[in-house]
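What follows is one structure encoded as structure tokens, with my remarks underneath.
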2 protein chains.
Amino acid sequence: MTDTHPGPALVAQTAAEAEGIVRSRGLRVTAARRLVIEALFAADAPVTAEEIAAGLDARLPRSDVGSVYRNLETLGSIGLVRHVHLGHGPGLYALAATIAAAYLTCEGCGERRPASMAELEPVTDAIRERFGYEAHLSHFPISGLCASCAREGGEASR
Amino acid sequence: MTDTHPGPALVAQTAAEAEGIVRSRGLRVTAARRLVIEALFAADAPVTAEEIAAGLDARLPRSDVGSVYRNLETLGSIGLVRHVHLGHGPGLYALAATIAAAYLTCEGCGERRPASMAELEPVTDAIRERFGYEAHLSHFPISGLCASCAREGGEASR
DNA sequence: ATACTTGCAAATGATTTGCCAGTGT
DNA sequence: ACACTGGCAAATCATTTGCAAGTAT
């Protein structure tokens with residue numbers, strides 16, 4: 001699982017930098033692994049393992065999802081990658097350096113709004129005060145209704 | 001899916017009451033269905049479909065998980081049951097009347113702490129103010145570290 | 001040369017679905 | 001009677017794993 005890993009999240013800014021980190025851990029930079037890393041750098045939002053695998057086929061004919069999962073897991077174990085579960089579908093993967101601190105998902109329109117740690121402060125503060133929990137809102141979504149869908153819902157139920 | 005359903009959650013307080021609601025919807029009260037309902041009333045926390053099925057075997061020899069899933073889905077469609085995903089494992093089901101408004105799960109000790117809507121108010125208020133979202137924290141957990149695990153973690157990383 | 005990796009296939013876990021016999025109402 | 005349900009098996013979806021061949025270092 002790419003879940004929790006030791007050490008802090010790594011902030012690689014380029015694929016080359018990420019590859020250096022991979023090598024520095026004694027891991028190898030193979031064609032398949034490089035392409036997974038590049039796919040993650042190319043994505044501007046979390047993606048599924050299947051999506052990454054689909055993109056690979058063009059440049060690496062014999063690749064398979066199993067290896068993609070294995071690579072995501074490996075990259076996760078060294079803190080380069082994280083994954084989230086934003087709904088009932090498959091898990092979504094992204095670089096630890098670019099993934100949001102949390103995602104708000106709208107049950108109405110499906111909007112997926114990333115939130116920074118700074119923006120979340122009032123929320124995590126409220127949770128800390130009320131429950132004594134140090135909340136990590138990064139793995140599961142903050143689900144609900146966005147402003148406009150909440151408005152519609154309010155009208156509809158009147 | 002037992003996800004979202006029309007109408008408000010139903011607040012059946014007894015199995016007999018729940019059965020009445022089932023009948024009032026034109027649905028039938030069969031042995032298998034009754035046992036699922038009773039299992040949910042007997043549980044004091046959300047349970048998996050497998051757990052319910054396992055409990056059934058004693059009183060209904062030929063039951064199977066498939067039917068349990070179908071019943072949970074049916075009962076969910078009329079607002080009697082809801083389910084949550086509190087981690088990477090299977091979904092957990094409970095009566096809409098007794099399920100918590102949210103669950104805080106500790107990544108350290110695994111504690112699963114239910115929270116009422118009233119307790120959550122400062123949290124949902126903060127989310128509304130900051131993001132304009134009407135948060136429904138009931139389907140996914142508020143994951144993090146409970147007070148004591150946060151303390152330990154803090155010491156360890158010093 | 002050696003250990004890490006891959007492709008491929010089969011296994012697993014969770015949940016869904018097709019079918020037809022069975023049974024509440 | 002008639003439509004809703006149940007049991008059973010097979011299908012699906014996401015993810016993991018065993019294994020032998022391939023390859024980065």
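A note on names: the letters A, B, ... follow the listed sequences, proteins ahead of strands, and every chain is numbered from 1.
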- Between A:Gly89 and B:Leu27, name the one whose nearest nucleotide on DNA chain D is closer to the 5' end. B:Leu27
- Message: Categorize A:Leu60 for me: base, sugar-phosphate, or nothing, with a 4.0 angstrom heavy-atom threshold over every strand shown.
- Response: sugar-phosphate
- Message: Could you tell me how far apart A:Leu35 (CG) and C:dG7 (P) are, to the nearest whole angstrom?
- Response: 10 Å
- Check A:Leu56 against A:Ser63 and note the closest heavy-atom contact, atom names and distance. CB-OG, 3.6 Å
- Message: Given a 3.5 Å cut-off on both pairing distances, which stems involving DNA chain C, each at least three consecutive Watson-Crick or G-U pairs, are present, if any?
- Response: C:1-10 with D:16-25, C:12-14 with D:12-14, C:16-25 with D:1-10
- Whole-Å distance between C:dA11 C1' and A:Tyr69 OH? 15 Å
- Item | B:His85 and B:His139 aromatic ring geometry - parallel, tilted or perpendicular at 30°/60° bounds | perpendicular
- Any B:Thr30 side-chain N or O less than 4.0 Å from OP1/OP2 of C:dT23: no
- Check every atom of C:dG7, C:dT25, D:dT15 against the side chain of B:Val29 and return the nucleotide holding the closest atom. C:dT25
- Which listed nucleotide (D:dT15, D:dA9, C:dC8) is nearest to the side chain of A:Arg62? C:dC8
- Here the distance between atom C1' of C:dT6 and atom CD1 of A:Ile37, to the nearest Å, is 15 Å
- Query: In whole angstroms, how far is the C1' atom of C:dT6 from the CZ atom of A:Arg34?
  - Reply: 15 Å
- Item | Donor + acceptor pair across side chains of B:Asp64, B:Ser67 (<3.5 Å) | yes
- Task: Using salt bridge (Lys or Arg N to Asp or Glu O under 4.0 Å) as the criterion, list what pairs up with A:Arg130, not counting sequence neighbours.
- Result: none
- Task: Just compare D:dA14, C:dT15, D:dC8 and give me whichever is closest to any side-chain atom of B:Asp64.
- Result: D:dC8
- To the nearest angstrom, how far is A:Arg25 atom CZ from D:dT25 atom P? 16 Å
Taking distance alone, no hydrogens or angles, what donor-acceptor pairs closer than 3.5 Å link side-chain atoms of residues 24-32 of chain A to residues at least two apart or in another chain?
| from | atom 1 | to | atom 2 | distance (Å) |
| --- | --- | --- | --- | --- |
| A:Ser24 | OG | A:Ile21 | O | 2.7 |
| A:Thr30 | OG1 | A:Arg33 | N | 3.2 |

- How is B:Thr48 classified with respect to the nucleic acid when contacts are heavy atoms under 4.0 Å: base, sugar-phosphate, or nothing? nothing
- Query: Relative to the 5' end of DNA chain C, which residue comes earlier, B:Leu92 or A:Ala32, by the nucleotide with the nearest heavy atom?
  - Reply: A:Ala32
- Ring geometry between B:Phe140 and A:His88 (parallel below 30°, tilted from 30 to 60°, perpendicular above 60°): perpendicular
- Message: Side chain of B:Ser63 only, heavy atoms from C-beta on: which candidate in D:dG7, C:dG7, D:dG6 is closest?
- Response: D:dG7
- Task: In whole angstrom, give the distance that lies between atom CD of B:Glu73 and atom C1' of C:dA14.
- Result: 15 Å
- Contact class for B:Val65 (heavy atom, under 4.0 Å): base, sugar-phosphate, or nothing? nothing
- OP1, OP2 of D:dT16 versus side-chain N and O of A:Arg70: anything below 4.0 Å? no
- Take atom CG of B:Leu86 and atom C1' of C:dA14, then tell me their distance rounded to the nearest Å. 16 Å
- Message: Checking contacts here: which listed nucleotide (C:dT2, C:dT15, C:dC8) is nearest the side-chain heavy atoms of A:Arg28?
- Response: C:dT2
- Query: How many Å lie between CZ on B:Arg33 and P on C:dT23, as a whole number?
  - Reply: 15 Å
- Item | In one Ile/Leu/Val/Met/Phe/Trp/Tyr side-chain cluster, 4.5 Å: B:Val65, B:Ile37 | yes
- Message: Whether B:Asn71 contacts D:dG6 is assessed here as follows: a side-chain N or O lying under 4.0 Å from the phosphate OP1 or OP2. Is that the case?
- Response: yes
- Other residues, nucleotides, ligands: >12 heavy atoms within 6.0 Å of B:Arg62 CZ: no
- Item | Options C:dT25, C:dT6, D:dT25, nucleotide nearest the side-chain atoms of B:Arg23 | C:dT25
